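Taking it in order: structure first as structure tokens, then the write-up.
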Amino acid sequence: MRPVEPLFSLRGIGFGYPGGKRIFESLDFDLRPGERVAIVGGNGAGKTTLLHLLVGLRKPAAGRLSAFGRERCREADFREVRARAGLLFQDADDQLFCPTVLEDVAFGPLNLGKSREEARHIALKTLATLGLHGFGERITHKLSGGEKRMVTLAAVLAMQPDALLLDEPTNGLDTAAHDRLVEHLDSLPQAMLLVSHDGRLVERLAERVVLLQDGRLHEAHAHLHPHRHGHTHLHIHPLSAAGDHGSTTHDLLDEPLEVGRPG
Amino acid sequence: MSGLATADCRGAGGSPTPGLVQGIEPRIRIVMAAAFAIVAVTLQSLPLLALTISLAATLAVLARLPAGPTLRRILGLDAFMVPILLFLPFTVPGAPIAAVGPFAISAEGIHQAVQIVLTANAVVLAVLALVGTIEPATLGHALLGLGVPETLARMLLLTVRYIAVLREEFDRLRLAMRARAFRPAGDTHTWKSYGYLFGMLLVRSFERAERILDAMKCRGFAGHWFPAEVPPPAARDWAFAGILAAALLAIGGCAAAGLVAG
């Protein structure tokens, strides 16, 4: 742990939806610069809600929330937070609301007060860094799932945030799109807070894992568990290529092939 | 729903051979379509209306509108007007020229029916040629450029973006119903199920709208839009507008001077 001031600091946060049970009871959390933290927890534990609280889309009922060195309470306080912490939404369709990719990626920079020319330049540059050359004029709703995900990442990165809040970023991606996204995320310098059920993603990116349970966060110990026991793997290949291959010996953590995981 | 979706597909795929009209600046086309409609609805004289419809047909040819789909759209409108047209000859007071049983048919009624048919078809054809050929997203920006209230134009743009998403959601729900052996019939079960279907679609759309707004806020949206960048009309756009305006003025002038009798 570095003795630097945290980007986000939550103390004693309480939150509940109107008419529902309380989701958070006195929740404490810190995200430090450059740190990559994964939040894990069951369905409905409030992982997405926590991300929304951080950028002020929901307001806590109790507790103190500091972001980027200042305490934040009102809507106006969070404008700056949202510019400095890019939230990647679970459903890319929620995020891409402009007809064309270029307009969408330029939307953030324009809101940050960049001129039209600058915004366009930033958008094109960001798209290019993510390997999305020539995507500018594409129609957003006709992109594939993987392309939509990469464009939303571009839209968030175009605002040059200090931190990334990722809500199930690999949801619904096929293996190729998954690997491409994870590769890019891993190369980014920003602090990251990621919510995911994707073990491979957590293993690759997170240096700290916290468990959200019963309205509180618990530091968790995520480790690679060396196994040596007989187990079966799902292998999928075309019928024509189903040659004779016997059982192989897996010594240490050989990740099981994931096919068609339920979203 | 499907109408917009297909229009959008065409916009993205590019119509096979864009005509002269497609090269004209969208704002000019919208303004000229409005001018055309205003002139057409003020005309009383049938010969002048026939002239107007031929002007609209010329525009359709210049836009290279596909004959089949265009005709189908126009017939759709005409079918909608049939009941009114059938009643007009009987209901408009005037000189009786024939009778069906106890009901007299008036000359004025027939004149009015023909006038409505010609006016409506002329306007629809002109709008299809001038405005219908603008890609929906471009149309939204053009309306913004014309000073149409921001909210309306943005609603159009968001509709263009999300209609396919809503459609997918609707299809998914309907498929889920069919997967559980739902077959539409005329009974209460059917109507109740459809009620749930549309209710659910509405709730989901509402929630999605909230999430979209959240996502926009996250990218610094604070209620202020940035105007779209629209280059000013070029010389050929003005020339097109000039020629069309001259034709419309000539027709309107004839009507005002009473040169061509109805």
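This one's a predicted model, so the numbers in the text were calculated from it and none came from an experiment. Residue numbers begin at 1 in each chain, while the letters A, B, ... track the order of the sequences.
Looking at Tyr162(B), only its side chain comes within 4.5 Å of chain A, counting heavy atoms on both sides. Heavy atoms closer than 4.5 Å to chain B are found nowhere in Leu112(A), neither backbone nor side chain. Contacts of Ala155(A) with chain B are made by both backbone and side-chain atoms, with heavy-atom separations under 4.5 Å. At a 4.5 Å heavy-atom cutoff, the contact between Glu75(A) and chain B is made by side-chain atoms alone. The contact between Phe97(A) and chain B is made by backbone and side chain atoms together, counting heavy-atom distances below 4.5 Å. With a 4.5 Å cut-off on non-hydrogen atoms, Leu96(A) touches chain B through its backbone and its side chain both.
Heavy-atom proximity under 4.5 angstrom to chain B picks out Val55(A), Leu57(A) from residues 39-71 of chain A.
Residues His141(A) and Glu168(B) have side chains that never bring a donor and an acceptor to within less than 3.5 angstrom of each other.
The CZ atom of Phe221(B) sits 10.0 Å away from the CZ atom of Arg79(A) when rounded to the nearest 0.5 Å. Taken from CG in Asn111(A) to SG in Cys218(B), the straight-line distance is 11.5 Å, to the nearest 0.5 Å. For the atom pair CG (Asp214(B)) and CD (Gln95(A)), the distance works out to 11.0 Å, reported to the nearest 0.5 Å. Taking CZ from Phe107(A) and CE from Met216(B), the interatomic distance works out to 4.0 Å, rounded to the nearest 0.5 Å. Once rounded to the nearest 0.5 Å, the distance linking CD1 of Ile212(B) with CG of Asp91(A) reads 9.0 Å.
At least one donor-acceptor pair closer than 3.5 Å links the side chain of Arg219(B) to the backbone N or O of Asp104(A).
Chain B forms the most heavy-atom pairs under 4.5 Å with one residue out of Thr152(A), Leu87(A), Asp93(A), Thr140(A), and that residue is Asp93(A).
For Arg120(A), the CZ atom counts as loosely surrounded, since its 6.0 Å shell holds 12 or fewer non-hydrogen atoms of other residues, nucleotides or ligands. The 12-atom threshold is not exceeded at OH of Tyr196(B), counting heavy atoms of other residues, nucleotides or ligands nearer than 6.0 Å.
Among residues at least two apart or in separate chains, salt bridge (charged side-chain N to carboxylate O under 4.0 Å, His left out) pairs with a member in residues 170-182 of chain B are Arg167(B)-Asp171(B), Glu169(B)-Arg172(B), Asp171(B)-Arg174(B).
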